Amino acid sequence: MFKMVNLSFNAVSFLSVCVLYSVLYHRFDSQEARIQMPLAFLLWVTHNNAEMTTVDPPNIAMTSIMGNWPCNSAKKANTGHIGTKSIQSLIMVPEVSEYIVMAFCFLFNLLSAVKRLPEHIQVDDPAVVRKLAKKLERQQIPLRSDYGYKVSLFSHLHQYSRKAPLTQQISIPATVIHPSIVRLGLQYSQGIVAGSNARSVALLHAFKQVIQDYSTPPNEELARDLVNKLKPYISFLNQCRPLSASMGNAIKYIKKEISNIPSQYKEEEAKKKLLSCVDSYVNEKITLAAKGISKYAIDKISDGDVILVYGCSSLVNHILCEAFEKQRKFRVIVVDSRPRLEGREALRRLVNRGIRCTYVLISAVSYVLPEVSKVFLGAHALLANGYVMSRVGTSQIALVAKAYNVPVLVCCETYKFCERVQTDSFVSNELDDPDDLIVTRKGKTHLADWQSETSLGLLNLVYDVTPPDFVDLVITELGMIPCTSVPVVLRVKNVDQ
Amino acid sequence: MDEGELVEYFRTQMSQDPDVASAVAAIRSLLEFLKRDQSETILGLRENLTKAIGRLQEADSSVAVSSGGELFLRFISLTSLENPDLSQCRNMMIERGELFLKKISLSRGKVAKLCHTFIKDGAKILTHSSSRVVLKVLESAAADKKRFTVYVTESQPDSAGKHMADKLRKLNIPVTIVLDAAVGYIMEKVDMVIVGAEGVVESGGIINKIGTYQMAVCSKAHNKPFYVVAESFKFVRLYPLNQQDVPHRFKYKADTLKTAEDLNQEHPIIDYTPPSLITLLFTDLGVLTPSAVSDELIKLYL
């Protein structure tokens, strides 16, 4: 009789789990989660019938599940041991509580498997690409196609061509996207507006234009409708050129400000408030922050210093010009790299001020470092684990500087601090046009038809990450902090907001 | 109370109680200054206090006096001073000042309690120059019936190591004095290095008697743990990048700064040890890794 009850109970639960599983199958974000649910159920079933069979199967199943749990995967060997001991003690406990424990594991597994992961670019996963295409179709934004052969390690990133202007590659619906956003997108895709501060400021100015030209449709609330209007613009800009971390933070701020507009505000008042918010953001986080950072940085520049800078960072150039005006005696070595050759712009700006400069390419950095006393680097973003994301080549400079015991100072405003965690430059980066690497020397262009060569790939990376051990000091407008204190600043900022 | 009297009071405090930290003596003098201050406004009071701190720094150029003074000023003003009656405000500030003084007088005991458990039976400890906090730590370890031997460096130019050795002998701890130049030689024999600090900087590094940096580099090369014991009032808002970046007012004694013609000819009395060479810092706020010091500093100063 007991056996019959058990069997029917098993059958009913098996059927219900099957139904549940098929319904939720597509919500599972990983293969692991898909396997764990039936495994957990299997364990439950075998344990149910444990009195008839040996005790071993549940143990093995339980340890395998413990091993597969994502949080324990790093300590697989250990959890096996500890897991079995605790599970054995659990198994000794009377049956009803065991079912509760099993059900709890089951549910916990279910819930953790259905958690939403943050969006990562995954161009090599067709399901994700299809989802993105559907989203863009809904928003009436054209999808931009990738160009050329991608190196397999970076095949999950987009690679666009810059040869033909964007308007020839995709048809931009003028009715859906505001003209200033179209202009901005074109400027981004052609590289006319480049550099994280310049891009953020241009974005905020374009948004100001959008807000000014916006009029609330009848039966809609400004707070919600304007945010929805901004979403297709952001997708479009993302298609033109992937958004930077600073732009992401600026967009988050604007969306928050818009949704915080009280509903009793009239349209004119609301628009005025939003415009002043945007202005104050640009003023506080970018302009005044630069002034604050130069104040701290100038303290660190002493007379007779030889300062090395890489590429063209608007903030570092600002600091050096300010220091020169405050009568500090120093000279600068500008390091540059192909294919962007941004160092030439920095060189132009510094020489115009009258600062003594030397210009080298990155291949000569170990030759020139023995005479350098400090290295000043700009940053594109500062990640939550203290890693610095900056123009490709920065981590190389930091590494060589560390080898020569030269202090490395990174200057970064706090609005570029982002909650992302990254330990390598592969998982999230940007691929620039590979044709930029083609160069004509003495009338010969060797790589002109690189596409016909099947085993050849050209890689033009834009960013890389520098570990915090290579960075001695980060100068922000809040003060001088070590690289490892970025999460503290993020925490303080969140408390302020 | 004028500045001359303040310095006199400070010096008497230091001579009366040789065991007291210079920062504690400075804070006692500042509290006395606050009690006797005659200014009419809060702003005037703060200005006078800042000037007093500057004057004390001229008298005794250690980092601890500067950091202790600044923390004292912040701590007493960290309360609502909206009261229109100035004497009430002043009384509130004096109360907070007394509270601060009480807290920091207990800090050395807290540090010793945290650190002495790290000294195992049969350990050989190397320390540098004469630090009262390290002495307290070794005292509590000895009181805990642990058996250990201590090597102290002579620490020229003032031979402070010899004082340390005398004090340790009085506690019946076997101690050997080694030359400053013998740190590399002795490092393979010892199990750990414990030093005090005159100041703990924002990066998590320390400023201490000259010769500490050498010891830290040697201990790193031999993979021996390098522990620093310091009270929290020694946390200072400085961020040196290297030895040259430490301000001159800390590097040389106050009298040298006033009388010397060419500072390059003088010997600095302190050096900077970067955080990469330090294993752990024992403070009254807890046992911290060098990267956590910045976190604590932000909490203390902001």
Side-chain angles (χ1 to χ4, degrees), chain A residues 293 295-308 372-377 382 384-387 398 401-411 414 417 467-496, chain B residues 66-67 70-71 74 199-207 213-214 216-217 220-221 228 235-251 262-264 268 271-281 285-286 288-302:
Chain A
I293 293 177
K295 204 164 60 93
Y296 288 115
I298 289 173
D299 272 338
K300 287 291 171 206
I301 300 178
S302 22
D303 283 339
D305 259 349
V306 179
I307 298 176
L308 188 129
V372 172
S373 59
K374 294 194 174 74
V375 177
F376 270 78
L377 299 171
L382 232 62
N385 56 347
Y387 280 64
K402 182 82 181 171
Y404 281 90
N405 248 336
V406 175
V408 174
L409 289 80
V410 170
C411 309
T414 50
F417 284 23
D469 335 322
F470 298 154
V471 178
D472 289 294
L473 174 61
V474 176
I475 310 182
T476 68
E477 70 266 25
L478 297 175
M480 298 189 272
I481 57 170
C483 229
T484 44
S485 290
V486 168
V488 180
V489 173
L490 281 169
R491 196 190 338 136
V492 167
K493 265 196 340 169
N494 284 339
V495 165
D496 282 342
Chain B
S66 137
S67 65
E70 213 193 313
L71 276 168
R74 264 172 216 276
V200 179
V201 294
E202 270 188 83
S203 57
I206 59 164
I207 293 185
Y213 179 48
Q214 229 148 269
V217 173
K220 184 86 178 181
V228 172
F235 283 22
V236 64
R237 289 225 83 172
L238 208 66
Y239 205 127
L241 295 169
N242 46 29
Q243 307 296 337
Q244 308 308 320
D245 218 12
V246 181
H248 283 314
R249 64 178 198 275
F250 296 135
K251 270 205 270 205
D262 184 11
L263 275 178
N264 283 331
D271 64 19
Y272 165 66
T273 306
S276 48
L277 302 172
I278 301 175
T279 321
L280 286 176
L281 283 118
L285 303 166
L288 306 171
T289 56
S291 36
V293 170
S294 173
D295 201 346
E296 293 298 326
L297 265 168
I298 291 176
K299 277 197 239 155
L300 275 177
Y301 275 95
L302 285 176

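Since the model is a prediction, treat every value here as computed from it, not as a measurement. FYI, side chains are in, hydrogens and waters are out, and symmetry mates aren't considered; it's all heavy atoms of this structure. Every chain is numbered from 1, with letters handed out A, B, ... down the list of sequences.
Here the side chains of B/Leu281 and B/Ile206 are in contact, with some heavy-atom distance below 4.5 Å. At least one side-chain heavy atom of B/Val293 sits less than 4.5 Å from a side-chain heavy atom of B/Phe235. Side-chain contact between A/Leu409 and B/Leu241: present, with at least one pair of heavy atoms (C-beta onward) separated by less than 4.5 Å.
The minimum heavy-atom distance between B/Ile278 and B/Pro290, with the atom names listed, is O-CG, 3.5 Å.
Put simply, CG on A/Leu478 and CD1 on A/Ile293 are 9.0 Å apart, with the number rounded to the nearest 0.5 Å.
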Donor-acceptor pairs under 3.5 Å, chain B to chain A, main chain and side chains both?
residue	atom	partner	partner atom	Å
B/Tyr239	O	A/Lys300	NZ	2.4
B/Tyr239	OH	A/Asp472	O	2.7
B/Asp245	OD2	A/Lys300	NZ	3.0
B/Ser294	OG	A/Ser485	OG	2.7
B/Asp295	OD2	A/Arg491	NH2	3.2

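Residues satisfying the side-chain contact (heavy atoms from CB on, under 4.5 Å) test with A/Val486, not counting sequence neighbours, are A/Leu382, A/Phe417, A/Leu490.
Looking at B/Pro275, there are no atoms closer than 4.5 Å to chain A (heavy atoms on both sides), in backbone or side chain. A/Pro482 touches chain B through backbone and side chain together, each having a heavy atom under 4.5 Å away.
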